[in-house]
Amino acid sequence: MTQEKIARINALGKKSRAEGLTEEEKAEQTRLRREYLDAIKGSLRSQLDSITVVDANGKETKLKEKHTKHPSES
């Protein structure tokens with residue numbers, strides 16, 4: 001997610017509160033917000049996938065190996 005896109009999200013949010021958005025701007029805002037959330041989720045997932053869990057016996061297991069997808073994810 002680029003700084004320009006984040007700035008655009010913020011500008012659309014400010015305009016929405018001040019005067020409202022056109023249908024095209026609402027669609028753009030929705031698309032940008034989805035892209036932003038997807039970027040955050042991807043970043044978090046990669047961080048979680050790099051975590052190693054050590055059990056009481058000292059056995060190391062990657063968190064990624066334990067991860068199962070939630071039914072709502074595709």
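- Met1 and Leu37 are members of different hydrophobic clusters when ILVMFWY side chains are connected at heavy-atom separations under 4.5 Å.
- Separating the CD1 atom in Ile9 from the NZ atom in Lys14 is a distance of 16.0 Å, to the nearest 0.5 Å.
- Rounding to the nearest 0.5 Å places CZ of Arg45 at 11.0 Å from CG of Asp38.
- Other residues, nucleotides and ligands contribute more than 12 heavy atoms inside 6.0 Å of the NZ atom of Lys15.
- Screening Thr52, Asp49, Ile51 for a side-chain contact (heavy atoms from CB on, under 4.5 Å) with Lys62, the sole residue that qualifies is Thr52.
- In terms of modelled atom types and a separation under 3.5 Å, the side chain of Ser43 and the main chain of Ile40 share no donor-acceptor contact.
- Thr22 and Glu25 get closest at one heavy-atom pair: N-OE1, 2.9 Å.
- None of Arg33, Glu28, Arg17 except one satisfies the side-chain contact (heavy atoms from CB on, under 4.5 Å) rule with Leu12; the exception is Glu28.
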**Prompt:** Could you go step by step and tell me if Gln3 and Ile6 meet the side chain to side chain contact (heavy atoms under 4.5 Å, CB included) rule?
**Reply:** CA-CA 5 Å; Gln3 289 299 319; Ile6 293 172; 4.2 Å; yes
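- A donor-acceptor distance shorter than 3.5 angstrom exists from the side chain of Asp55 to the backbone of Asn57, with no hydrogens or angles considered.
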